[in-house]
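Letters A, B, ... mirror the listed sequences (proteins, then strands); counts begin at 1.
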Protein chains: 2
Amino acid sequence: MKPLSGRVTSLDVAALAGVSQSAVSRAFTEGSSISEAKRKAILDAALKLNYVPNSIASSLTTRRTNMVAVILGNLDNPFYVQVLKALITRLQARGVQILTFTVKNGSNSDDALMRVLRYQVDGIILTSAQLSTRMTGICHDRGIPIVLFNRYIPGSSASGVRCDNAAGGRLMAEALLGAGARSFALLKGDPNGTTSQDRQRGFTDCLLERGIPPADILELEGQSTYDGGHAATLRAFLDERHPIPDAIFGINDIMAMGAMDALRGEMGVKIPADLMVGGFDNIDEADRWPYRLTTVRQPVDEMTEEALNLLDLDNPGAAIQPGIDIKVPGRIVWRSTIPRPVDL
Amino acid sequence: MKPLSGRVTSLDVAALAGVSQSAVSRAFTEGSSISEAKRKAILDAALKLNYVPNSIASSLTTRRTNMVAVILGNLDNPFYVQVLKALITRLQARGVQILTFTVKNGSNSDDALMRVLRYQVDGIILTSAQLSTRMTGICHDRGIPIVLFNRYIPGSSASGVRCDNAAGGRLMAEALLGAGARSFALLKGDPNGTTSQDRQRGFTDCLLERGIPPADILELEGQSTYDGGHAATLRAFLDERHPIPDAIFGINDIMAMGAMDALRGEMGVKIPADLMVGGFDNIDEADRWPYRLTTVRQPVDEMTEEALNLLDLDNPGAAIQPGIDIKVPGRIVWRSTIPRPVDL
DNA sequence: GTGAAAGCGCTAACAG
DNA sequence: CTGTTAGCGCTTTCAC
């Protein structure tokens with residue numbers, strides 16, 4: 001008997017169990033017709049040989065790899081770590097493997113996609129980067145569903161889930177206005193990201209509608225990072241280049257946290273007494289003692305759930321639906337960086 | 001001509017370019033002998049057809065998938081996010097795909113490993129969970145290298161890289177002692193993790209050697225999480241069950257941060273005036289204004305580098321070396337939670 | 001329910 | 001340098 005070394009194939013198992021090779025295949029396939037006795041015998045033999053079915057080989061015929069690619073941008077933002085965690089948990093539970101990829105924020109995803117396409121993934125989840133229409137086309141032709149997470153490509157046929165970012169921006173504007181703020185700073189994120197743009201637009205539009213003059217809305221580039229938010233805040237206010245406004249809105253929590261640390265740590269500003277701060281995402285850190293940040297919560301679980309629904313892994317052949325764009329609402333989580341109006 | 005739909009194979013490209021199928025294969029293989037002219041023509045045809053080589057199929061013959069499995073535990077600990085990031089960056093640069101897997105901390109990795117083995121990964125990096133000798137054996141037999149990150153399995157033949165955790169624990173003990181602390185609390189992590197045990201041991205041993213009575217070293221279970229550290233601290237000190245010690249050592253930064261927030265936020269303790277705090281890892285957050293945590297730095301880049309060296313992806317066939325255990329030293333990063341002795 | 005045989009898309013000798 | 005020919009390990013008709 002061949003010892004337990006090198007590759008053990010279904011043929012080896014078949015030999016040991018005294019059955020045909022196809023029987024072995026059947027024994028390892030849910031719901032294929034094989035007698036219980038034979039299956040048992042085969043599984044026994046397999047265990048004895050430490051046999052593990054080769055998914056790569058089976059993918060070749062089934063045309064399914066049971067792998068999904070997750071394209072990530074900024075893992076420095078805990079929000080996306082949270083998204084990754086949620087995705088892993090859900091996919092793993094379904095027995096789906098995850099091919100992880102990172103792409104510089106705002107850059108093109110073509111290279112990454114080309115690479116994952118080689119691996120014949122069953123689906124792609126894009127949480128970052130731009131998506132070219134060429135790639136959309138290629139994926140579509142190959143029947144590979146692609147879901148955009150928290151972004152959309154205007155005019156693209158790709159589906160996606162996102163938080164209603166514009167509405168969320170308005171929510172924050174209302175909250176700040178309601179707390180008495182009349183002058184504002186806005187920490188913007190990745191300029192190419194629709195997420196950042198939408199939040200910003202919702203926020204600004206609402207303010208403008210309520211009669212805030214544009215001059216009282218200062219825009220700062222925070223690059224979607226802690227350090228970016230920190231630095232932008234320092235740059236704008238430390239040397240009194242600008243008067244400190246009543247409120248600052250970080251397009252995401254991590255920038256808002258950077259701003260808070262700059263404000264309190266370097267400038268001795270009291271929050272919310274001297275200035276209010278709003279964030280967006282509701283990452284775990286936002287709830288911690290140093291921050292207790294009032295923010296707009298993104299329902300990560302709901303969003304990842306929807307993303308996987310859109311991927312529709314159970315219906316491989318299914319014609320890819322064109323451009324479904326799911327928007328889930330966010331809501332304000334009141335903590336201590338914005339005084340909460342009593343009437344709420 | 002078959003339109004750009006469905007699967008395009010090397011055969012289609014061959015037909016369009018008027019060459020043999022193997023020529024197409026060669027055109028896409030680095031350093032195989034093919035005339036530049038022919039290669040160009042083939043690449044052209046491929047582009048026209050949106051052809052993407054099927055890695056799954058090629059893996060079947062080459063016996064290499066160019067995929068590495070990364071088994072993760074606790075993504076709630078930013079340290080492991082940092083590790084993941086470093087791993088992704090390095091592997092991606094080498095054109096290696098990453099199969100991500102999470103496993104509950106401290107639990108057995110057998111299931112996860114069995115699953116990734118099906119995918120014929122070229123290597124496995126384990127940053128969490130236990131490794132059974134059975135799995136070690138199976139991987140060894142199949143010629144799949146497995147590298148343990150920041151853990152080791154006593155008596156196992158698996159290789160690994162880790163920070164010199166025991167020495168790091170001693171370093172922290174010295175630092176605290178040097179700053180005048182004489183009574184201590186120790187926030188322990190995952191009881192099954194050798195990492196936590198080693199740090200704890202180094203710390204305690206050093207204290208004991210210096211004449212600190214065991215009674216003055218209070219052990220707390222922090223579960224390796226922020227919430228765990230926070231809760232354990234509250235539980236121990238809030239109701240005066242124990243007097244507040246001179247210093248508290250969090251086996252990792254995230255627990256230390258939880259403790260700091262509990263101490264200052266809920267108990268009004270001043271750090272370091274009333275109590276000093278030490279951490280371990282040097283995660284990004286430790287450097288932020290609310291914390292400025294003095295901690296033992298783990299050199300993540302160096303460690304991931306070494307881990308990949310051990311994986312030795314370039315030498316597929318190479319007999320797996322038995323149990324190399326690389327220890328890289330950590331060092332104290334002085335910030336403000338422990339007063340720094342002047343003589344340093 | 002079960003075995004034989006024909007591929008899945010590619011690489012790797014092997015001749016030329 | 002190039003085409004031909006066998007497989008890689010598995011799933012899947014197709015008869016029995």
Trainee: Between C/dC10 atom P and A/I56 atom CD1, what is the distance in whole Å?
Mentor: 14 Å
Trainee: In terms of side-chain geometry, is the basic nitrogen of B/K104 or B/D190 positioned less than 4.0 Å from the acidic oxygen of its partner?
Mentor: no
Trainee: Mapping B/G18 and B/T61 onto DNA chain D by nearest heavy atom, which one lands closer to the 5' end?
Mentor: B/G18
Trainee: For DNA chain C, determine which residues of residues 20-45 of chain A have any heavy atom closer than 4.0 angstrom to one of its atoms, and list them numerically.
Mentor: A/S20, A/S22, A/A23, A/R26, A/S33, A/I34, A/S35, A/K38
Trainee: Starting at OH of A/Y119 and ending at C1' of C/dG9, how long is that distance when rounded to a whole Å?
Mentor: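 My rounded result for the distance is 15 Å.
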Trainee: Taking heavy atoms of chain B and a 4.0 Å limit, find me the 5'-most and 3'-most nucleotide of DNA chain D within that range.
Mentor: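 Range of nucleotides within reach of chain B: D/dC1 to D/dG9.
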Trainee: Can you name the nearest heavy-atom pair linking A/A86 to A/D301, along with the distance?
Mentor: CB-OD1, 4.2 Å
Trainee: Is there a donor-acceptor pair under 3.5 Å between the side chain of B/S32 and the backbone N or O of B/R26?
Mentor: yes
Trainee: Can any side-chain N or O of A/S10 pair as donor or acceptor with the backbone N or O of A/Q21 at less than 3.5 Å?
Mentor: no
Trainee: Quick one: which residue pairs count as a ring-ring contact (aromatic ring centres under 6.0 Å, His included) with a foot in residues 61-99 of chain A, not counting sequence neighbours?
Mentor: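 Output for this query is empty, none listed.
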Trainee: If every non-hydrogen atom of B/T194 is compared with every non-hydrogen atom of B/R151, which pair is closest and at what distance?
Mentor: OG1-CA, 3.6 Å
Trainee: Looking at B/D12, is its backbone amide N or carbonyl O close enough to the side chain of B/Y51 to form a donor-acceptor pair, meaning the two atoms are under 3.5 Å apart?
Mentor: no
Trainee: Does B/R162 qualify as a cation-pi partner of B/Y152, given the criterion of NZ or CZ under 6.0 Å from the six-membered ring centre and within 45 degrees of its axis?
Mentor: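 Yes, B/R162 lies over the aromatic ring of B/Y152.
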